[in-house]
Number of protein chains: 2
Amino acid sequence: MKPPKKTPTMSDVAREAGVSPMTVSRAFKSDAYVNEETRKAILAAADRLGYVMDSMASGLSSRKTGFVAVTIPSINNANFADTVRGLTEGLQAKGLQVLLGYTNYNQEEEERLVRQLLTRRPEAIVVTGGTHTGKCRAMLENAGIPVIETWDIPADPIDSVVGFSNADASAKIVAHLVETGRTRIAFLGGDASRDTRGFDRRRGFIREMESRGLDATRLVEAGPPPISMREGADALARLMSRWPDTEAVVCVSDLAAFGAMTECQRRGLAVPGTIAIAGFGAYEISDICVPPITSIDPHCYRIGLLAARRIIDLLSDGPDSETESHTLVEPGLLVRASTFSDCNP
Amino acid sequence: MKPPKKTPTMSDVAREAGVSPMTVSRAFKSDAYVNEETRKAILAAADRLGYVMDSMASGLSSRKTGFVAVTIPSINNANFADTVRGLTEGLQAKGLQVLLGYTNYNQEEEERLVRQLLTRRPEAIVVTGGTHTGKCRAMLENAGIPVIETWDIPADPIDSVVGFSNADASAKIVAHLVETGRTRIAFLGGDASRDTRGFDRRRGFIREMESRGLDATRLVEAGPPPISMREGADALARLMSRWPDTEAVVCVSDLAAFGAMTECQRRGLAVPGTIAIAGFGAYEISDICVPPITSIDPHCYRIGLLAARRIIDLLSDGPDSETESHTLVEPGLLVRASTFSDCNP
DNA sequence: TTGAAAGCGCTAACAA
DNA sequence: TTGTTAGCGCTTTCAA
């Protein structure tokens with residue numbers, strides 16, 4: 001299976017085709033001037049030899065690796081996966097390839113990862129969130145490439161931003177719950193210390209509750225992120241034993257929300273009759289479960305796509321920038337039956 | 001934000017530290033002989049300059065890029081995400097980095113992707129499944145690196161294999177359903193033509209049904225993969241209108257199974273009383289939903305981990321191979337309340 | 001323990 | 001339209 005012979009190089013192809021290596025190089029870049037017949041002959045020779053370009057060597061020489069580094073908190077999350085899809089698809093047209101890494105929701109891990117990724121000399125880097133360790137931030141600032149922070153509106157951005165306010169998203173949910181008659185509302189999220197975006201959602205919850213003169217102390221912590229469905233269920237159990245008269249729960253994500261809802265089903269608590277439940281993320285499950293769960297759509301795919309556009313814009317050296325340095329992607333409120341009886345099918 | 005000065009090179013660090021570039025190179029490889037004080041001075045100089053190694057140049061020179069290429073059908077799937085986690089974590093100790101790409105369950109796309117990935121000169125490549133286009137297979141065979149096929153037991157393996165029989169997994173489910181008294185059993189899956197693993201599960205279903213003398217024609221197609229929860233729900237609706245007396249459904253994945261179950265809830269069909277539902281993949285949702293769904297655990301993370309071990313084994317040039325060329329990871333049957341009343345909580 | 005020379009596979013820049 | 005020269009940033013190999 002493993003032939004001992006080395007992989008052929010451009011010179012091998014050149015010899016096979018009877019041209020110089022440079023001509024082979026041109027033949028592989030579609031935009032270069034090469035005689036059409038020569039190109040055909042070269043491509044045929046390459047095919048005969050099973051030649052595959054070495055884009056590492058190419059990148060070293062041209063100073064264009066074709067990589068865009070991307071960090072996400074977890075690879076096992078449909079939201080971030082959608083953002084990565086948006087990036088991949090948006091970047092593909094320009095021949096840019098995503099180099100992905102995940103941080104496990106951990107800033108030290110992010111620092112390690114960013115260092116490793118920069119080692120590959122990406123042409124741009126996309127990070128999730130706007131909070132980093134000092135060293136990580138310094139590396140990003142000194143990398144000399146476009147940096148895009150996403151999924152957040154950082155107070156002090158490094159460079160470009162494509163994101164939304166997690167706090168405002170929570171506020172939107174609170175407003176909806178209050179408008180539909182609830183006042184005893186709880187927030188179910190992760191430990192305040194680790195998940196910055198989850199923490200922002202919690203902050204937004206507290207701010208909005210207090211601004212409406214409501215009690216904002218019903219806060220249940222479900223452990224470090226990511227919060228699983230199971231943890232959502234357990235947290236709901238704790239919530240109901242501590243504050244049994246709770247009328248609504250704002251969950252840090254749809255996964256926690258769905259877990260909480262299953263716990264309600266097990267306990268015979270009617271949703272939304274006895275307790276209303278809201279999530280975050282517009283995961284498929286919140287749309288299809290019974291009853292469907294009210295959620296916030298952060299437009300994950302779109303965030304990726306806009307980040308890709310911004311990168312392409314920054315990398316094409318014309319000064320005719322068509323994208324903004326800071327792009328706000330306004331999250332949408334999806335009102336569904338878990339908070340609003342008239343929505344019931 | 002973007003300093004115009006170029007990123008510093010090893011020579012810059014060497015000058016700053018008053019040594020030769022070669023010594024700097026050694027200082028960064030922990031296993032090389034360098035005076036401890038010299039190393040400290042070099043690392044300090046590197047820090048002062050904000051130096052980050054160029055592993056592309058390093059890879060070109062040493063012929064070791066540190067990449068392991070990995071292709072999965074979809075990035076938005078918890079099962080494949082777990083396999084990637086296993087790979088990433090298993091490879092990390094040896095300083096190998098996963099270079100990930102996804103194929104959208106499409107073999108032409110896989111061919112394109114494999115070509116692109118080989119361009120980066122990975123030291124090994126892991127692919128999902130054992131069916132590829134001819135060109136793709138040829139590229140893999142000629143790449144001169146270890147190739148691991150996963151999530152399948154290919155009839156004609158390219159090189160190493162870490163997987164399981166999708167057909168046998170289905171058969172296991174059928175056996176369980178028949179043993180618990182069902183005979184009118186349906187299979188709910190994707191279009192037969194596209195998703196090879198889904199097709200294998202369907203094949204296993206038919207084989208097992210027929211071997212038990214049961215009718216194996218209740219087959220509903222839910223479109224091209226991936227099958228969403230929504231498609232699972234729609235397919236169940238079609239199933240019940242075509243064969244209303246169906247007693248059990250074997251679904252191609254837990255996501256389809258959960259969608260199907262929500263449809264049952266909407267129609268007032270009792271699960272498992274009226275109809276039993278089984279899935280595949282041991283996704284979290286099948287464990288927590290009400291009732292929990294019987295599933296097959298393919299041990300996704302373990303597949304990734306074992307593939308990583310195999311790669312490390314193959315790459316470390318000692319002939320003392322501790323791993324098998326073909327590793328079978330036996331899937332586990334998770335019997336839960338959606339097929340078995342006594343399991344009800 | 002350190003350094004000098006050569007070159008990994010490719011492309012920019014120039015020349016023909 | 002094609003070729004030549006030089007060199008990208010690093011490591012291998014050999015010598016000191």
Side-chain angles (χ1 to χ4, degrees), chain A residues 5-43 45-46 49-67 95 118-123 143-144 317, chain B residues 5-43 45-46 49-67 95 118-123 143-144 317:
Chain A
K5 55 173 175 158
K6 304 177 31 183
T7 33
T9 72
M10 214 165 240
S11 299
D12 296 326
V13 178
R15 201 176 313 114
E16 173 83 13
V19 295
S20 78
M22 195 56 234
T23 308
V24 177
S25 172
R26 291 197 183 98
F28 274 87
K29 321 221 75 182
S30 39
D31 55 290
Y33 299 94
V34 188
N35 182 302
E36 200 44 52
E37 281 177 28
T38 319
R39 158 174 284 134
K40 283 222 181 77
I42 290 170
L43 261 32
L49 266 49
Y51 173 72
V52 179
M53 259 268 275
D54 186 334
S55 56
M56 313 301 274
S58 158
L60 180 61
S61 182
S62 66
R63 293 69 208 312
K64 284 170 184 293
T65 58
F67 275 138
L118 289 180
T119 250
R120 303 292 183 177
R121 295 294 185 264
E123 300 183 39
D317 28 30
Chain B
K5 54 174 176 160
K6 305 177 27 178
T7 32
T9 73
M10 213 165 239
S11 299
D12 296 326
V13 178
R15 200 175 314 114
E16 173 84 14
V19 295
S20 78
M22 196 52 237
T23 308
V24 177
S25 173
R26 291 197 183 97
F28 274 88
K29 323 220 71 181
S30 39
D31 56 289
Y33 298 94
V34 187
N35 181 301
E36 200 45 51
E37 281 178 27
T38 319
R39 158 176 283 131
K40 283 222 180 77
I42 289 170
L43 261 33
L49 266 50
Y51 172 72
V52 179
M53 259 270 275
D54 186 335
S55 57
M56 313 300 275
S58 157
L60 179 61
S61 183
S62 67
R63 301 45 224 315
K64 282 170 184 290
T65 57
F67 276 137
L118 289 179
T119 252
R120 303 292 183 178
R121 294 295 186 266
E123 300 183 40
D317 28 31

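Each chain gets a letter, A, B and so on, in the order its sequence line appears, and its residues count up from 1. Below, each value reflects all heavy atoms present in this structure, side chains not excepted, and no hydrogens, waters or symmetry copies.
Take E16(A) and apply the side chain to side chain donor-acceptor pair (under 3.5 Å) test, not counting sequence neighbours, and it matches R48(A). For R63(A), there are no side chain to side chain donor-acceptor pair (under 3.5 Å) partners, not counting sequence neighbours. S61(A) meets the side-chain contact (heavy atoms from CB on, under 4.5 Å) test with no other residue; sequence neighbours excluded. In this structure T38(B) satisfies the side-chain contact (heavy atoms from CB on, under 4.5 Å) test together with V19(B), T23(B), V34(B), N35(B), I42(B), sequence neighbours excluded. With sequence neighbours excluded, the residues satisfying side-chain contact (heavy atoms from CB on, under 4.5 Å) with K40(B) are E36(B).
Among the protein residues, S55(B) comes within range of no part of the nucleic acid, since none of its heavy atoms lies under 4.0 Å from any strand. Contacts of Y51(B) with the nucleic acid, taken as non-hydrogen atoms under 4.0 Å apart, involve only primed sugar atoms and P, OP1 or OP2. Counting non-hydrogen atoms under 4.0 angstrom, M53(A) reaches the backbone sugars and phosphates but no base.
Per the geometry, CZ belonging to R15(B) stands 13 Å off C1' belonging to dG9(D), to the nearest Å. Distance CZ (R63(A)) to P (dC10(D)): 11 Å, rounded to an integer number of Å. When rounded to the nearest whole Å, the span between CG of L60(B) and P of dC10(D) equals 12 Å. Across the protein-nucleic acid pair, D54(A) atom CG and dC8(D) atom C1' stand 13 Å apart, rounded to whole Å. Distance, R120(A) CZ to dG9(D) C1': 14 Å, rounded to whole Å.
Residues S20(B) and A14(B) share a closest heavy-atom pair of C-CB, 3.7 Å. The two residues L43(A) and A27(A) come nearest to each other via the heavy atoms CD1-O, 4.3 Å.
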Base-pairing string, 5' to 3', of DNA chain D - Watson-Crick or wobble, under 3.5 Å, | interstrand = ||||||||||||||||

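For the pair S25(B) and dC10(D), the criterion of a side-chain N or O lying under 4.0 Å from OP1 or OP2 is not met.
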For nucleotides 3-7 of chain D, print each protein N/O atom paired with a nucleotide N/O atom at under 3.5 Å, atom names and distance only.
{"residue": "dG3(D)", "atom": "OP2", "partner": "S20(A)", "partner atom": "N", "Å": "3.0"}
{"residue": "dG3(D)", "atom": "OP2", "partner": "S20(A)", "partner atom": "OG", "Å": "3.0"}
{"residue": "dG3(D)", "atom": "OP2", "partner": "T23(A)", "partner atom": "OG1", "Å": "2.4"}
{"residue": "dG3(D)", "atom": "N7", "partner": "R26(A)", "partner atom": "NH1", "Å": "3.3"}
{"residue": "dG3(D)", "atom": "O6", "partner": "R26(A)", "partner atom": "NH2", "Å": "2.5"}
{"residue": "dG7(D)", "atom": "N2", "partner": "S61(A)", "partner atom": "OG", "Å": "3.1"}

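Of the candidates dT11(D), dT1(D), dG9(D), the closest approach to any side-chain atom of Y33(A) belongs to dT1(D).
In 5' to 3' order, the nucleotides of DNA chain C bounding all contacts with chain B (an atom under 4.0 Å from a heavy atom) are dT1(C) to dG9(C).
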Could you go through residues 49-56 of chain A and list every donor-acceptor pair under 3.5 Å that involves a side-chain atom there, pairing it with any protein atom two or more places apart or in another chain?
{"residue": "D54(A)", "atom": "OD1", "partner": "M56(A)", "partner atom": "N", "Å": "2.9"}
{"residue": "D54(A)", "atom": "OD1", "partner": "A57(A)", "partner atom": "N", "Å": "3.1"}
{"residue": "S55(A)", "atom": "OG", "partner": "T119(B)", "partner atom": "O", "Å": "3.0"}

